Each structure stands twice: as structure tokens, then as C-alpha cells.
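To keep things clear, I will list the structure first and then write my remarks on it.
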Amino acid sequence: MELHARRSRAPGTGRPAAVLRGVGRHVPAAVITNDDLAARFDTSDEWIRSRTGIARRHVVAPGEATSDLAVAAGRRALRHAGLDAVDLVLLATTTPDRRCPATAPVVAARLGLAGVPAFDVSAVCSGFVYGLATAGGLIAAGTARSVLLIGADAFTTIVDPADRGASSVFGDGAGAVVLTAGEDGEPGALLALDLGSDGTLADLITVRAGGSAEPRPAADRPADAWFTMHGQAVYRHAVRRMTASSLAALERAGWDVADIDRFIGHQANRRILDTVGLELGLPPARVYANVGEVGNTAAASIPLALADAAADGTLRAGNRVLLSAFGGGATWGSAALTWPDLPPPDPPPVA
């Protein structure tokens with residue numbers, strides 16, 4: 001696919017839109033390097049890097065939960081946006097603190113927002129993009145004027161410690177954004193979204209036991225208690241769906257591929273990011289990756305990358321930004337926005 005000549009987008013219509021006002025991030029203090037994994041498995045730093053692009057990942061400590069990560073990231077996002085309160089809290093996660101109740105109300109209460117509506121969004125690694133669509137729709141409808149959207153996962157808590165592949169890929173963390181009511185022509189407004197799913201692919205990425213269909217793993221299937229993924233099939237579907245969804249979002253935004261200044265995809269592994277960029281026809285310099293330092297953090301992946309890209313100067317005011325993700329379900333989604341003029345976010349604490 002070739003890059004097309006840059007074309008300008010039509011000016012905004014003045015319709016209500018969700019506008020990004022702040023970002024925040026948090027990762028646990030504990031770090032597992034590839035050398036640490038090599039001491040546990042038949043693997044090496046070179047083997048892991050060559051297949052995933054990942055060098056290290058952060059992991060929760062015993063007793064540290066998804067809500068702890070979400071609260072820390074949410075607090076930083078609120079501070080970055082200059083807000084003390086919002087009308088709604090959304091939490092995209094696959095690793096809630098409990099099966100029941102949802103974790104978002106706990107997060108809201110710990111942030112001093114008790115009484116504010118709060119609920120979880122479950123779309124695995126696409127959860128943050130689904131959360132953007134949910135927040136955008138509620139703001140456009142006038143139901144909320146400000147939303148704190150957090151993507152947080154402690155994915156290592158559902159990974160079999162004996163699974164070399166999954167242990168190499170996944171890390172824990174949280175990223176958050178604050179969205180407020182504005183107009184679709186202003187910087188930071190969500191310009192276009194594309195979502196999709198295919199339930200026939202449910203077994204590609206799954207934890208079979210723990211739900212109503214299989215409350216507990218069968219005696220002869222103890223692995224059902226842990227996360228499983230068919231890596232090669234996931235790679236093929238992720239590249240195909242993220243590419244097609246990205247193009248659909250671009251068309252709705254009125255952009256060509258050449259208009260994209262930064263592509264921030266779900267940080268599953270470096271190979272998927274690079275291949276989607278190649279399929280879209282993007283120069284490698286426009287494809288952002290922080291997966292090497294944090295691993296695959298599932299629903300936290302894109303907002304964590306946004307916060308890191310804003311902090312390191314990769315994202316600048318006026319940049320046209322394309323987001324895209326693929327996750328279990330199967331689910332996928334993409335979003336387009338122009339990056340607003342924001343102050344630098346809080347730097348991450350020194351581990």
C-alpha cells in the first residue's frame with residue numbers, strides 16, 4: 001500500500017465531542033528482565049527480544065491488585081487535566097479485583113469520587129478503544145461532561161508461571177486519560193472510531209475456567225484456570241483486523257495514511273506493530289513502541305503508550321494520531337484524533 005498525498009480534513013462541525021485533556025500512567029515497582037526469565041526457563045534474552053521486542057516487564061507484588069494500578073494512573077491523569085472530579089469513571093480490564101463486583105466503583109471511591117457512576121469495560125486488549133467509544137458516546141449524548149477512562153491489568157496474575165511464552169510477553173500496568181465535553185473541530189477531539197468483534201474466535205485468547213460455563217477447571221484440565229493464546233493465529237488476525245480497522249477509522253476521519261504523524265497500536269509485541277505499520281504503508285519512524293520496556297499490558301497498553309509518548313516528546317500538539325488494538329473476544333478497534341497542546345505529564349516515579 002502506497003502513501004497518498006496529504007489532504008486536509010474538513011473543519012469541525014461544532015457538534016459535541018469528547019476531547020482529551022490529560023493522561024496518566026503507572027507500573028508496579030517490581031521488574032522481571034529477560035535474564036530473570038532465562039534463569040527459570042530454557043530461553044535467553046536474544047530469543048525473547050528477537051520474537052517479541054521485549055526486554056523487561058513490570059509485575060505486581062503479592063497483595064497488589066488491578067485497582068491499585070488504576071488508582072495511581074487515574075490520579076495522575078486527573079492532576080494532568082487539572083481536575084479534582086469527573087462525572088463518570090470507566091475501567092477497561094480483564095483482571096478485575098474480583099469476579100463480582102466490578103472494580104471501577106472501588107477505583108472511583110478511592111479517588112474520592114464515591115457516588116459517581118462507574119463501571120468496567122471488558123474487551124481484553126481492545127478494552128481501552130472500546131472505552132473511548134463508550135466515553136465519547138456518553139459525552140456526545142450529554143449524559144456526562146467529563147470522564148476518567150482507565151486501562152489497567154495485572155495480567156501476570158492469570159498467566160501460568162510455568163508458561164514460558166506468556167511469561168515472556170505479559171506485564172502489568174495502568175494508563176488513564178481524562179475526556180471532557182468539547183467540539184469535534186478542536187484539538188484532542190475524538191474524530192473517528194471503528195469497532196468490531198468475532199465471537200467464533202473466542203478460543204484464540206481465553207481463560208476457559210472461572211465463568212458460568214466452567215466455574216472451576218475440570219480435574220483433568222488444570223490448565224483451564226490459566227490464560228492461553230494461540231500465538232500464530234492471533235498474529236495473523238491481529239495484523240489483518242488492526243490494518244482494516246485503521247483504514248476504516250482514517251476514512252471516517254477524512255484522513256489518508258500520509259496524514260498520520262503517529263501510529264500507536266496495542267503493544268502486543270514489536271512484530272505485530274511493525275507489520276501493521278508496513279501493511280498501512282507507514283514509515284517506521286511514525287510507529288511508536290514502548291513494548292520493550294513494559295511488555296504487553298493488555299487494556300493498559302495504549303493509554304500507557306500515550307502517556308509515555310507525551311512525556312518523551314514523541315507526541316506534539318497538532319500531531320494526527322491513529323490508535324488501533326486487537327484483543328480476545330475476538331475484538332478490535334481504532335480511533336483517530338489530533339493531539340492537543342498539553343503540558344508535560346508527571347514523570348513516572350523512580351523505581
Side-chain angles (χ1 to χ4, degrees), residues 18 20 23-26 65-71 73-74 77-78 86-111 113 116-141 143-144 146-155 158 172-179 190 193-199 202 205-207 210-211 227 241 245 249 264-268 296-307 323-335 337:
L20 191 145
V23 296
R25 55 101 74 192
H26 178 76
T66 293
S67 60
D68 298 314
L69 308 179
V71 168
L78 287 168
V86 291
D87 298 334
L88 174 68
V89 175
L90 300 178
L91 174 63
T93 188
T94 306
T95 58
D97 288 4
R98 307 177 187 178
R99 287 170 57 187
C100 175
T103 303
V106 174
V107 172
R110 289 179 58 186
L111 288 170
L113 301 172
V116 169
F119 60 91
D120 291 359
V121 177
S122 180
V124 196
C125 298
S126 304
F128 178 76
V129 179
Y130 270 63
L132 283 176
T134 304
L138 291 170
I139 287 174
T143 305
S146 56
V147 178
L148 173 62
L149 168 60
I150 307 169
D153 268 310
F155 227 74
I158 61 173
D172 304 326
V177 299
V178 173
L179 303 160
L190 295 180
L193 287 147
D194 177 78
L195 303 175
S197 74
D198 183 353
I205 299 170
T206 190
V207 178
F227 169 88
R241 299 298 191 177
S245 180
I264 299 182
H266 166 49
Q267 308 285 306
N296 182 342
T297 56
S301 166
I302 288 179
L304 241 176
L306 288 174
L323 314 176
S324 189
F326 177 87
T331 59
W332 57 87
S334 300
L337 72 155

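Heads up: numbering here begins at 1 and tracks the sequence. If you're wondering where the values come from, they're calculated on a predicted model, not measured in any experiment.
With sequence neighbours left out, Ala299 forms a side-chain contact (heavy atoms from CB on, under 4.5 Å) with Ala92, Asp153.
In terms of heavy atoms, Ser67 sits closest to Arg110 at OG-NH1, 3.4 Å. Contact detail for Ala18 and Ile139: the closest heavy-atom pair is CB-CD1, 3.7 Å. Here the closest heavy-atom approach between residue Val116 and residue Val89 is recorded as CG1-N, 4.2 Å. Taking both residues in full, the closest heavy atoms of Thr93 and Ala152 are given as OG1-O, 2.7 Å, listed atom of the first, atom of the second, then distance. Taking every heavy atom of both residues into account, Ser245 and Gly333 meet most closely at OG-C, 3.5 Å. Of all non-hydrogen atoms in Ala118 and Ala108, the two that sit nearest each other are CB-CB, 4.1 Å.
Put simply, the side chain of Ser146 gets close to the backbone of Asp87: a donor and an acceptor are under 3.5 Å apart. Listed for the Ser301 side chain is a donor-acceptor partner under 3.5 Å among the backbone atoms of Gln267. The backbone N or O of Phe155 sits less than 3.5 Å from a side-chain atom of Asp172, completing a donor-acceptor pair.
One distance of note links CD1 of Ile302 with NE2 of His266; it measures 8.0 Å at 0.5 Å rounding. Between the CG atom in Leu91 and the CG atom in Asp120 there is a gap of 5.0 Å [rounded to 0.5 Å]. The distance from the CG atom of Asp194 to the CH2 atom of Trp332 is 9.0 Å, given to the nearest 0.5 Å. Atoms CG and CG, from Leu149 and Leu90 in turn, are 5.5 Å apart once rounded to the nearest 0.5 Å. Rounded to the nearest 0.5 angstrom, Ile205 CD1 and Phe326 CZ are separated by 5.5 Å. Note that the OG1 atom of Thr297 and the CG atom of Leu304 stand 5.0 Å from one another [nearest 0.5 Å].
Annotation: side chain of Leu323 is in contact with side chain of Leu306 (closest heavy-atom distance under 4.5 Å).
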Mind running side chain to side chain contact (heavy atoms under 4.5 Å, CB included) on Thr94 and Phe227 for me, showing each step along the way? CA-CA 11 Å; Thr94 306; Phe227 169 88; over 6 Å; no
Go through the steps for Val107 and Ile150 under the test side chain to side chain contact (heavy atoms under 4.5 Å, CB included), then give the verdict. CA-CA 10 Å; Val107 172; Ile150 307 169; 3.8 Å; yes
When the side chains of residues 123-132 are checked against the rest of the protein, which donor-acceptor pairs come out under 3.5 Å, sequence neighbours left out?
from, atom 1, to, atom 2, distance (Å)
Ser126, OG, Gly327, N, 3.1
Ser126, OG, Thr331, O, 3.0
Ser126, OG, Thr331, OG1, 3.0
Tyr130, OH, Gly196, O, 2.8

